[in-house]
Amino acid sequence: MSKTLSVSAINNGTVIDHIPAGQALRIIKLLKFSNYKNCVTIGLNLTSKGLGFKDLIKIEDRFLSAEEANEITLFAPLATINIIKNFEVIKKVTTELPKTISNIITCPNEKCITHSEPVASCFNVEQFAKHVMLICNYCEKRFDRDVYTNL
Ligand code: CTP
Ligand code: ZN
């Protein structure tokens, strides 16, 4: 019996695999993949042996910086990031949760000064068991990553 992929193999680029179902679109927004000219294919709610269901993102002709790869762990701590060249997986990138995250996330506290002053947002990242928490450097409030509704 032939084995088929639910999302086609790519020649050259990056495959972000084992994303928890429901998180792929947040990663697309986080890393602004939709602003690039590269071909991006997204698989949502694919069946996965380990996770039950998973999401997956394939970006052609684009390789992630270490910083970008680490940012993915905010939403997908166990994601596998594969570098593909000539249709072969040549490397699996190891990631770690970033210690801080700037610019991309908006503080959920409406009274936070970041909403009224032209300053870049900045959060410290902490993990308690399976919960990833972000602490705003300005208002010092702590939020679960899931309340960040701008992503
Ligand atoms: N892949 C791809 N294009 C290729 C090669 C691989 O899109 N030319 C994808 C595969 O579909 C898979 C991921 O890259 O989603 C990793 O490939 P591979 O390491 O071969 O798969 P697994 O052994 O299943 O990986 P893991 O052990 O990380 O589950
Ligand atoms: Zn704040």
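First listed ligand is number 1; within each ligand, the first listed atom is number 1. What's counted below: heavy atoms across the whole structure, side chains too, no hydrogens, waters or symmetry copies. Source: prediction; values computed, not measured.
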Look at the side-chain heavy atoms of Ile, Leu, Val, Met, Phe, Trp and Tyr, link any pair under 4.5 Å apart, and say whether I28 and L46 land in one connected group.
no
Is [atom] less than 4.0 angstrom from at least one protein heavy atom?
| atom | answer |
| --- | --- |
| atom 24 (O) of ligand 1 | no |
| atom 19 (O) of ligand 1 | yes |
| atom 7 (O) of ligand 1 | yes |

Just verifying a value: how many Å separate [X] [atom1] and [Y] [atom2], rounded to the nearest 0.5 Å?
| X | Y | atom1 | atom2 | value |
| --- | --- | --- | --- | --- |
| E71 | L97 | CD | CG | 11.0 Å |
| M133 | K141 | CE | NZ | 12.5 Å |
| R62 | E68 | CZ | CD | 4.5 Å |
| C136 | I113 | SG | CD1 | 10.0 Å |
| E88 | I83 | CD | CD1 | 14.5 Å |

Considering both backbone and side-chain atoms of [X], is one of its nitrogen or oxygen atoms within less than 3.5 Å of a nitrogen or oxygen in ligand 1?
| X | value |
| --- | --- |
| V89 | no |
| E88 | no |
| K54 | no |

Protein heavy-atom partner closest to [atom] - residue, atom, separation in Å:
| atom | value |
| --- | --- |
| atom 10 (C) of ligand 1 | K58 NZ, 4.5 Å |
| atom 12 (C) of ligand 1 | D17 OD2, 3.6 Å |
| atom 22 (P) of ligand 1 | K92 NZ, 4.4 Å |
| atom 29 (O) of ligand 1 | H18 CE1, 3.0 Å |
| atom 3 (N) of ligand 1 | I10 N, 3.0 Å |

Please confirm whether the backbone N or O of [Y] pairs with a side-chain atom of [X], one donor and one acceptor, at under 3.5 Å?
| X | Y | value |
| --- | --- | --- |
| D17 | L56 | no |
| T14 | I59 | no |
| H115 | C107 | yes |
| N38 | D61 | yes |
| N124 | T100 | no |

Could you list the atoms of ligand 1 found under 4.0 angstrom from a heavy atom of [X]?
| X | answer |
| --- | --- |
| F87 | 4 (C), 5 (C), 8 (N) |
| N82 | 13 (C), 16 (C) |
| A9 | 2 (C), 3 (N), 4 (C), 7 (O), 8 (N) |

Does a donor on one side chain and an acceptor on the other come within less than 3.5 Å for N82 and K92?
yes
May I have the step-by-step check of side-chain contact (heavy atoms from CB on, under 4.5 Å) for F123 and I135, ending in yes or no?
CA-CA 5 Å; F123 299 88; I135 301 116; 6.0 Å; no
Protein-derived N, O or S atoms lying less than 2.8 Å from the Zn ion (ligand 2), waters not counted, sum to 4
Please state which option from V15, L56, I16 has its nearest heavy atom closest to atom 9 (C) of ligand 1.
V15
